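All remarks here apply to the structure that follows.
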Amino acid sequence: MIYSIEEVITQIGAQRYGSKSAQIGFLLTDSRSLCFPEETLFFALKTDRNDGHHYISELYRRGVRNFVVSSVPVDYEHLYPEANFLRVLNPCKALQRLAKCHREEFHIPIVGITGSNGKTMVKEWLYQLLSPQFFVTRSPRSYNSQVGVALSVWLLNEETQVGIFEAGISEPGEMAALQHMIQPTIAVLTNIGDAHQENFASMEDKCREKMILLKDAEILVYPADDPIIQKVVNDSDLRGKKLAWSMSDKSAPFYIKTVEKKATMTTITYVYHEHEDWFSIPFIDEASVADAIECAVVALEMGMSMSALDERMQQLEPVAMRLEVKEGQHGCTLINDSYNSDINSLDIALDFMNRRPDQQNRSRTLIISDIDQSGRQPSELYKEVSNLAVKRGVSQLIGIGQQLSANRNLIEMPKKFFFPTVEAFEKSEVFAQLHDEVILLKGARRFNFDQLTERLERKVHETILEVNLNAIVDNLNYYRSLLKHGTKLVCMIKADAYGAGAVEVAKTLQDHRVDYLAVAVADEGVTLRKNGITANIMVMNPEMSSFKMLFDYDLEPEVYSFRLLDALVKAAEKEGITDYPVHIKLDTGMHRLGFDPQKDMQTLISRLKRQNAIIPRSVFSHFVGSDSDDFDSFSAQQFALFDEGSKLLQAAFTHKIIRHMDNSAGIEHFPERQLDMCRLGLGLYGINPRTNQVIHQVSTLRTTILQKREVKAGDTVGYSRKGTIAHDSVIAAIPIGYADGLNRRLGNRHGYCLVNGQRAPYVGNICMDVAMIDVTGIDCKEGDRVEIFGEHLPVTVLSDILETIPYEVLTSVSNRVKRVYYHD
């Protein structure tokens, strides 16, 4: 939904500085998540560790024009002439007020879920149960905090028929704000556990705080078998219909008669409104049983038939953030349950590991960190950890953290090891010797358990690729000088930045404020994220198996087919994601990938409008021949097709969809077709695709002379005796071969390198790791440098010899070649 800036000002009670008109469709609290700057309202939140006001300058540069602040920047009229600053006392409270006002626009069933554990599971399973019948808007992932709830509620739109939102608290006094924003018509309390207990005087006090969410709801769902919950319910003035479920009280509104567990399925028989029936779920752990019961009560109360409930319950899919099973290295299986860190979820995870079939009968290892925020004495807490581990068949425990190390005597098992940090563990022999076992990872977030991965040692090689980062910037600025004002730029760094090394190139481009980076596959984007790249990243060829990586690392995929579209929507919905940005590709003549702009647009628009998991951020196509005047008429036909199709897509949505078609050659050749954004590829790396000339040299591939020898006329050099020596010669061996990216077609004197500035032809067949060159008459010695391509031997010379394009030569440089980055 879209609000005018004037409506927002009224709703949050702000004082306005600036007078630009604006339409607001997106709220932002984290600058790293910026996607739609034109319609974004940024809330400059202050926390103990950060202050959103520090990011105003960066966001303004990236296109954001509307800010909610507690203090207006000095000289804002000159520094930010196009901005609106809405000053309030507390931007977080203003965000919550805006969410509350937005919620009050909707008169639909809203489910609010709270509890110590299971909130996300209940939310996601309710979505799976209800979405075949209703258009459901739900919290993304576990957005259940003071800020997360506000951002979740904001997602309600005109098509929403049911809302499902989590509410999580850690301190007294927090639930009232969440209740005001969610205003649930159906409120669900999952359970009361130890999480955040240190902030509450008693479990009853924590239960009363959570119960605030239920106070005005029409229907209340909760487990009556928990004596604390039942007591607080009885003592509370709750006016809604109480739908308690129980496994012991036959008079409960929802009575669980039996729970029958089999190898991979649980059947739950229940009595509801005096009717007995059952449903089955494809899970056997206790937490899943309780969560499914909560979902059943809500679904039936919302009108689902008992037969439909059973049918849909059997199709429930696991929620990805919990109990992920992955194949590890060295014959290990990893069970990742590092999302929750409390004693209750530990028992659930250990039970899962113990029940999981293992034909190899491998030993079981628990890697666990200190358990935070339990509210219990360490001596009592870690004694229970030991008892649970022994009871569930763990043979080895590895403890990470100061508390576990201090209480190691409480862990009663023969194989136990303790380390202060993950880093210390990774450096130990214990880590190196993990093999052929089932490993449960259970760590609090602050311990960075995601670092528990196999370390790879990079081998040093005498052949290096020198990358001039200043030249990257010079090329970037050259093409920027050709852009019209306001045109965005996406820089292609796929194929390891055309062989230059994506991480360092991306850091340079990010420092110079490019709007987007583009990679080929998700793995490339993950590498960038793990190395501190926060810029927007587009994935041009997303694979079906990479969806979770895309979501986990905020990578924006290209969508080019209905099959990919449907699979991506399903995957996003399973993860609880809404409005995930994607880039729609149209095929206007390349006939490689893309939707047909003449045949597919109406179907594409219809499918996009029927869901809210993904949202088009941009639409683009690719010129077939912008590098040659010979294809200008065909390029004009391509652009006409794209213009028509992209405008149809834009007309179907209220938010701004970026249009882009110009590549490096197109920026220069078709300035009138620059549109909202252009894609800079080969030109960034110094090759002008229109002229095949070097703009600013970026990459230089160098090696050294390993050995020199005199070879008599008539002798041969290399495999298959291809290199016959016509006269007495001096032959040098250099440590570079086809495994490093040196093309074999350059051998047998078809190509040359430079030794001390002089041409040295390749002699004989190029080997995997070594090549031989003729240095007869060249003043050189062992250890002297050799230029394969670079400033004095342009890469275009090699590509011309090979009858190929510079792309191929650049991207062929192997990853085993060490990259050295410098500023000239």
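Computed from a prediction, not measured in an experiment: that's the story for all the values here.
Under the salt bridge (Lys or Arg N to Asp or Glu O under 4.0 Å) criterion, the residue pairs touching residues 72-92 are R65-E82, with sequence neighbours excluded.
Side-chain contact, R607 with T603: no donor N or O sits under 3.5 Å from an acceptor N or O. One side chain, Q96 or Q146, offers a donor N or O that lies under 3.5 Å from an acceptor on the other.
Inter-residue side-chain proximity for R62 and D515 is flagged as unmet; no heavy-atom pair is nearer than 4.5 Å. Counting only heavy atoms from C-beta outward, the side chains of I113 and N144 never approach each other to under 4.5 Å. Contact check for L675 versus F620: no side-chain heavy atoms found under the 4.5 Å cut-off. Between I110 and I182, the closest side-chain pair of non-hydrogen atoms falls below 4.5 Å. Put simply, the side chain of I493 does not reach to within 4.5 Å of the side chain of E524, judged on heavy atoms. In this structure, the side chains of P542 and L550 come closer than 4.5 Å at one or more pairs of heavy atoms. For the pair T487/C678, a side-chain contact is recorded, criterion being any heavy-atom separation below 4.5 Å from C-beta on. You'll find the side chain of L86 reaches within 4.5 Å of the side chain of I5, heavy atoms only.
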side-chain contact (heavy atoms from CB on, under 4.5 Å) for L684 and L476? Distances and angles first, verdict last.
CA-CA 6 Å; L684 181 66; L476 173 67; 4.0 Å; yes

For S31 and H54, what are the C-alpha separation, side-chain angles and deciding distance, and is it a side chain to side chain donor-acceptor pair (under 3.5 Å)?
CA-CA 10 Å; S31 64; H54 296 159; over 6 Å; no

Show the numbers, then the answer: is there a side-chain contact (heavy atoms from CB on, under 4.5 Å) between Y17 and V69?
CA-CA 10 Å; Y17 295 80; V69 298; over 6 Å; no

Between R659 and F642, is the side-chain contact (heavy atoms from CB on, under 4.5 Å) condition met? List the steps.
CA-CA 9 Å; R659 299 197 304 154; F642 174 73; 4.1 Å; yes

Full working for salt bridge (charged side-chain N to carboxylate O under 4.0 Å, His left out) between D643 and K647
CA-CA 6 Å; D643 194 44; K647 285 179 177 177; 3.2 Å; yes

Show your working on side-chain contact (heavy atoms from CB on, under 4.5 Å) between F67 and Y80 and close with a plain yes or no.
CA-CA 11 Å; F67 303 87; Y80 311 108; 5.9 Å; no

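Checked for salt-bridge contact, R16 and E6 meet the test: a charged N lies under 4.0 Å from a carboxylate O.
For the pair E58 (side chain) and Y55 (backbone), a donor-acceptor distance under 3.5 Å is absent. A donor-acceptor pair under 3.5 Å links the side-chain atoms of D496 to the main chain of A502, judged by distance alone. Remark: side-chain polar atoms of Q674 are not paired, donor with acceptor, to backbone N or O of D662 under 3.5 angstrom. In terms of modelled atom types and a separation under 3.5 Å, the side chain of H655 and the main chain of P616 share a donor-acceptor contact. Between the side chain of N475 and the backbone N or O of H696, at least one donor-acceptor pair lies under 3.5 Å. At distances below 3.5 Å, not a single donor-acceptor pair connects side-chain atoms of E39 with backbone N or O atoms of F26. A donor-acceptor pair under 3.5 Å is formed between the side chain of Q183 and the backbone N or O of H180. Distance alone, capped at 3.5 Å, places no donor-acceptor pair between the T29 side chain and the F43 backbone. Although no hydrogens or angles enter the test, the distance criterion places no donor-acceptor pair under 3.5 Å between the side chain of R97 and the main chain of K100. Under a 3.5 Å cut-off, the side chain of R513 and the backbone N or O of R61 do not form any donor-acceptor pair.
Relative to the six-membered ring of F653, K609 meets both conditions, a distance below 6.0 Å and an angle of at most 45° to the axis. Taking the centre and axis of the six-membered ring of F639, the NZ or CZ atom of R673 falls inside the cone set by 45° and 6.0 Å.
The aromatic rings of Y685 and Y498 lie parallel to each other, with less than 30° between the two planes, well short of the 60° mark. Taking the six-membered ring where tryptophan is involved, the planes of F670 and F623 are tilted, since the angle between them lies from 30° to 60°. Relative orientation of the F562 and F595 rings is perpendicular, given thresholds of 30° and 60° on the angle between their planes.
L98 contributes atom CG, which lies 11.5 Å from atom CD1 of I9 (distance to the nearest 0.5 angstrom). Atom CD1 of I472 and atom OG1 of T508 lie 7.5 Å apart (nearest 0.5 Å). In this structure, the separation between CD1 on I169 and CG on L178 is 8.0 Å, given to the nearest 0.5 Å. To the nearest 0.5 Å, the span separating CG on D587 from CG on D600 amounts to 9.5 Å. In this structure, the separation between CD on Q510 and CG on L517 is 7.0 Å, given to the nearest 0.5 Å. Separating the CG atom in L155 from the CG atom in N612 is a distance of 8.0 Å, to the nearest 0.5 Å.
Heavy atoms of other residues, nucleotides or ligands lying less than 6.0 angstrom from NZ of K507 number more than 12.
Residue R617 comes nearest to P581 through the heavy atom pair CB-CB, 3.9 Å, listed as atom of the first residue, atom of the second, then distance. What you find for Y580 and L555 is that their closest heavy atoms are OH-O, 2.8 Å. Shown here for K119 and E166, the closest heavy-atom pair between the two residues is CB-OE1, 3.5 Å. Annotation for Y479 and S664: closest pair CE2-O, 3.5 Å, computed over non-hydrogen atoms. Residues H102 and L156 come closest through the heavy atom pair NE2-O, 2.8 Å. Residues M538 and V490 come closest through the heavy atom pair CE-CG2, 4.3 Å.
The six-membered or imidazole ring of Y516 lies away from that of H660, with a centre-to-centre distance of 6.0 Å or more.
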